[in-house]
Engineer: 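This is the structure I want to talk about, given as structure tokens.
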Amino acid sequence: MSSFGDFVARAAADGELVVQPRMGLGDPAAMRAGLVAVRAAGVRAVGTITLDSFTRVGDHDAVRAALAAGDALNGYPIVAYPPRTTRDVLRGVAGDAFPVQVRHGSARPQDIVVALLDAGLHATEGGPLSYCLPYSRVPVAEAVRAWAESCLLLAGLRERGGRPHLESFGGCMMGQLCPPGLLVAISVLEGLFFRQHGLDSVSLSYAQQTHPEQDAEAVLALRALAAEHLSDVDWHVVLYTYMGVFPRTRRGASALLERAAELAVRTGAERLIVKTTAEAHRIPTVEENVAALRTASRAAARTAPGGPVEDTGVLAEARAIVEAVLDLAPDLGVALVRAVERGYLDVPYCLHPDNAGRTRAVVDRTGRLRWSRTGSLPLAGVVEPAAGAETTSTELLRSLSHVERTFDDLALDRVGAQPIGSG
């Protein structure tokens, strides 16, 4: 049985960045065609089956009603289809040379995990915090229990000779305006949660933010903490192209993706989730996803690894949060619940009922993400909140659009750059 982690490790040993789309199509034939196109893209890629929003929240009756009515879904409904349907989608496409990962967004993913295992798949992503706080109103304690069960379901594959892989979405909380130290800490904590529940192949995520040097520091901090805490498992780092408001120009969007690929190579991240030039406007086509994979792969190939990175305290911040959470209880699930209750893990601008909501962050004049309020985060003596940076509605909108404006302004300075649809 092929291993997702082993595939990524082989690519890294060959000096190649693995690129991956976030593609999901409701029709099995279309989903298969999308995977075939990604496999034939001529780059070192893994495939993705992204699930629909009804399946994400467990509303399988709505999925069946949509399928019966012939309505389009915004992803692949893996639970509603019988296993043989998904096996037919994968047959002759997925394998050792082209592993496929299921991506979903569910706080209670047990049915999804059962369905992907029944279909012969073994790689997915999420986590008890990262797929709960941003996307649901499920109580954190319930999500922790659901994810513990899901990890054990995945780990059961090891008894049959397989090596399941689980990726933490922790480095992508809310997509934007979460300072890097907290992103790194949550990703590491979820990786430790996965290990506690029987998994020995994991990936840790980080989403590109607003400042390339700060991002490089954050990815290196993530690698350092993973080496300290997860030395007994197979792990790699997956970088996400910016998850916030995306540039509206083609050149701006492409440049942002290229910066993400360069960041991945520079910091040793082994895998990159791409975004397309259509991201600000609509769901991208298969062809646009393939074009993005090629753009990222070319940018990676011309980038040299390494280079100096200034230490501005991201590692110290992430380490302080991780250690404070680990001190709350021997069982990591209990510790995560307590950490959210006490505000040790408090995500800015997150509206989940369990989130303390006492932290705030802004993009400063240099483009770096800074805490303006740290609430009860265990960062006393580690972080000094930005003076006079209380977030007004105007400041929040400015921060949210910072990346979009930066890359579109650069693109429009070049001759011939036009917003999509402007003619």
Engineer: Could you verify whether a donor N or O on one side chain and an acceptor N or O on the other, from Ser376 and Arg358, lie under 3.5 Å apart?
Structural biologist: yes
Engineer: Set out, in order, the CA-CA distance, both residues' side-chain angles and the distance that settles salt bridge (charged side-chain N to carboxylate O under 4.0 Å, His left out) for Glu167 and Arg271, then state yes or no.
Structural biologist: CA-CA 11 Å; Glu167 170 193 326; Arg271 182 161 53 100; 3.0 Å; yes
Engineer: Looking at Asp52, is its backbone amide N or carbonyl O close enough to the side chain of Asn74 to form a donor-acceptor pair, meaning the two atoms are under 3.5 Å apart?
Structural biologist: no
Engineer: In this structure, is the centre-to-centre distance between the rings of Tyr76 and Tyr81 below 6.0 Å?
Structural biologist: yes
Engineer: Salt-bridged, Arg266 to Glu213, with N to O below 4.0 Å?
Structural biologist: yes
Engineer: Hey, does Pro385 have a side-chain heavy atom less than 4.5 Å from the side chain of Arg373?
Structural biologist: no
Engineer: Please tell me whether Tyr131 and His104 form a close aromatic pair, meaning their ring centres lie under 6.0 Å apart.
Structural biologist: yes
Engineer: What verdict does the side chain to side chain contact (heavy atoms under 4.5 Å, CB included) test give for Arg223 and Val237, after you've listed the backbone C-alpha separation in whole Å, the side-chain angles of each residue and the deciding distance to 0.1 Å?
Structural biologist: CA-CA 7 Å; Arg223 298 192 71 86; Val237 169; 3.7 Å; yes
Engineer: Taking the side chain as everything from C-beta on, heavy atoms only, tell me whether Arg44 gets closer than 4.5 Å to Arg10.
Structural biologist: yes
Engineer: Kindly indicate, with the supporting measurements, whether the criterion salt bridge (charged side-chain N to carboxylate O under 4.0 Å, His left out) is fulfilled by Arg195 and Asp232.
Structural biologist: CA-CA 9 Å; Arg195 184 187 66 182; Asp232 56 344; 2.9 Å; yes
Engineer: List the steps and the verdict of ring-ring contact (aromatic ring centres under 6.0 Å, His included) for Phe169 and Tyr240.
Structural biologist: CA-CA 10 Å; Phe169 194 69; Tyr240 285 66; 5.6 Å; yes
Engineer: Are a donor atom and an acceptor atom from the side chains of Trp371 and Glu384 found within less than 3.5 Å of each other?
Structural biologist: no
Engineer: Closest heavy-atom contact between Ala11 and Val18?
Structural biologist: CB-CG2, 3.5 Å
Engineer: Could you check whether any side-chain N or O of Thr124 sits under 3.5 Å from a backbone N or O of Leu166, counting only pairs where one atom can act as donor and the other as acceptor?
Structural biologist: no
Engineer: Report yes if the side chains of Pro21 and Val38 come closer than 4.5 Å at any heavy-atom pair, otherwise no.
Structural biologist: yes
Engineer: Is the number of heavy atoms from other residues, nucleotides or ligands within 6.0 Å of CZ (Arg84) greater than 12?
Structural biologist: no
Engineer: Between Ala146 and Ala107, what is the shortest heavy-atom contact and its length?
Structural biologist: CB-O, 3.7 Å
Engineer: Between the side chain of Asp118 and the main-chain N/O of Pro83, is any donor-acceptor distance below 3.5 Å?
Structural biologist: no
Engineer: From Leu345 CG over to Leu189 CG, what is the distance, rounded to the nearest 0.5 angstrom?
Structural biologist: 6.0 Å
Engineer: Does the side chain of Asn289 come within less than 4.5 Å of Leu293's, by heavy atoms?
Structural biologist: no
Engineer: We want to know whether Gln208 and Thr241 form a side-chain donor-acceptor pair, criterion being a heavy-atom distance below 3.5 angstrom.
Structural biologist: no
Engineer: Can you pull the ring pair (Phe, Tyr, Trp, His ring centres under 6.0 Å) pairs that have at least one residue in residues 172-226, sequence neighbours excluded?
Structural biologist: Phe193-His197
Engineer: Might you point out which heavy atoms bring Ala80 and Val63 nearest each other, and give the distance in Å?
Structural biologist: CB-CG1, 3.5 Å
Engineer: Would you compute the distance between atom CG of Leu116 and atom CD1 of Ile49 and round it to the nearest 0.5 angstrom?
Structural biologist: 9.0 Å
Engineer: Do Val93 and Arg32 come within less than 4.5 Å of each other through their side chains, counting heavy atoms only?
Structural biologist: yes
Engineer: Would you tell me whether Asp88 and Thr85 have side-chain atoms, one donor and one acceptor, within less than 3.5 Å of each other?
Structural biologist: no
Engineer: In the structure I gave you, are the side-chain heavy atoms of Leu400 and Gln176 within less than 4.5 Å of one another anywhere?
Structural biologist: yes
Engineer: For Thr50, does its backbone N or O pair with a side-chain atom of Arg103 as donor and acceptor, under 3.5 Å?
Structural biologist: no
Engineer: Just how far is it from atom CG of Leu336 to atom CD of Glu341, taken to the nearest 0.5 Å?
Structural biologist: 11.0 Å
Engineer: Could you tell me the separation between the CG atom of Leu377 and the CD1 atom of Ile321, rounded to the nearest 0.5 Å?
Structural biologist: 5.5 Å
Engineer: Give the intermediate values and the outcome of salt bridge (charged side-chain N to carboxylate O under 4.0 Å, His left out) for residues Asp200 and Arg158.
Structural biologist: CA-CA 10 Å; Asp200 69 348; Arg158 295 173 62 185; 3.5 Å; yes
Engineer: Determine, stepwise, if the pair Glu258 / Arg251 fulfils salt bridge (charged side-chain N to carboxylate O under 4.0 Å, His left out).
Structural biologist: CA-CA 10 Å; Glu258 288 170 354; Arg251 287 184 183 237; over 6 Å; no
Engineer: Would you indicate whether the side-chain heavy atoms of Ile273 and Arg22 approach each other to under 4.5 Å?
Structural biologist: yes
Engineer: Without swapping roles, check the side chain of Asp346 against the backbone of Gly357 for a donor-acceptor pair under 3.5 Å.
Structural biologist: yes
Engineer: To the nearest 0.5 Å, how far apart are CZ in Phe407 and CG in Leu256?
Structural biologist: 4.5 Å
Engineer: For the rings on Phe98 and Phe7, is their centre-to-centre separation under 6.0 Å?
Structural biologist: no
Engineer: Could Arg56 and Tyr135 be counted as a cation-pi pair, given that NZ or CZ must be under 6.0 Å from the ring centre and within 45° of the axis?
Structural biologist: yes
Engineer: Do Glu217 and Thr312 pair up side chain to side chain, a donor and an acceptor below 3.5 Å, judged on atom types alone?
Structural biologist: yes
Engineer: Are the side chains of Gln101 and Val46 in touch, meaning some heavy atoms are under 4.5 Å apart?
Structural biologist: no
Engineer: With sequence neighbours excluded, tell me which residues meet ring-ring contact (aromatic ring centres under 6.0 Å, His included) with His236.
Structural biologist: His165
Engineer: Take Leu272 and Val274, measure what side chain to side chain contact (heavy atoms under 4.5 Å, CB included) needs, and give me the verdict at the end.
Structural biologist: CA-CA 6 Å; Leu272 174 69; Val274 307; 4.3 Å; yes
Engineer: Tell me whether Tyr349 contacts the main-chain N or O of Ala361 through its side chain, where contact means a donor paired with an acceptor under 3.5 Å.
Structural biologist: yes
Engineer: Starting at CZ of Arg87, measure out to CG of Leu121 and round the result to the nearest 0.5 Å.
Structural biologist: 8.5 Å
Engineer: Where do Gly171 and Ser205 come nearest, in terms of heavy atoms and distance?
Structural biologist: N-OG, 2.9 Å
Engineer: Could you tell me whether the side chain of Glu279 and the main chain of Thr276 form a donor-acceptor pair under 3.5 Å?
Structural biologist: yes
Engineer: In this structure, are over 12 heavy atoms from other groups packed under 6.0 Å from Leu397 atom CG?
Structural biologist: yes
Engineer: Is it the case that the side chains of Thr285 and Glu288 hold a donor-acceptor pair, with the cut-off being a distance below 3.5 Å and no angle test?
Structural biologist: yes
Engineer: Hey, mind stepping through Val113 and Glu149 against side chain to side chain contact (heavy atoms under 4.5 Å, CB included) and telling me if it holds?
Structural biologist: CA-CA 10 Å; Val113 172; Glu149 292 175 10; over 6 Å; no
Engineer: Output all residues satisfying side chain to side chain contact (heavy atoms under 4.5 Å, CB included) with Thr303, sequence neighbours left out; order by chain, then residue number.
Structural biologist: Glu262, Val265
Engineer: Do the charged groups of Glu228 and Arg319 touch, with an N to O distance under 4.0 Å?
Structural biologist: yes
Engineer: Using modelled atom types only, decide if a donor and an acceptor are shared between the side chain of Thr55 and the backbone of Leu51 within a distance under 3.5 Å.
Structural biologist: no
Engineer: Between Asp354 and Pro139, is there a donor-acceptor pair closer than 3.5 Å when you use the side chain of the first and the backbone of the second?
Structural biologist: no
Engineer: Could you tell me whether the side chain of Ser187 and the main chain of Gly170 form a donor-acceptor pair under 3.5 Å?
Structural biologist: no
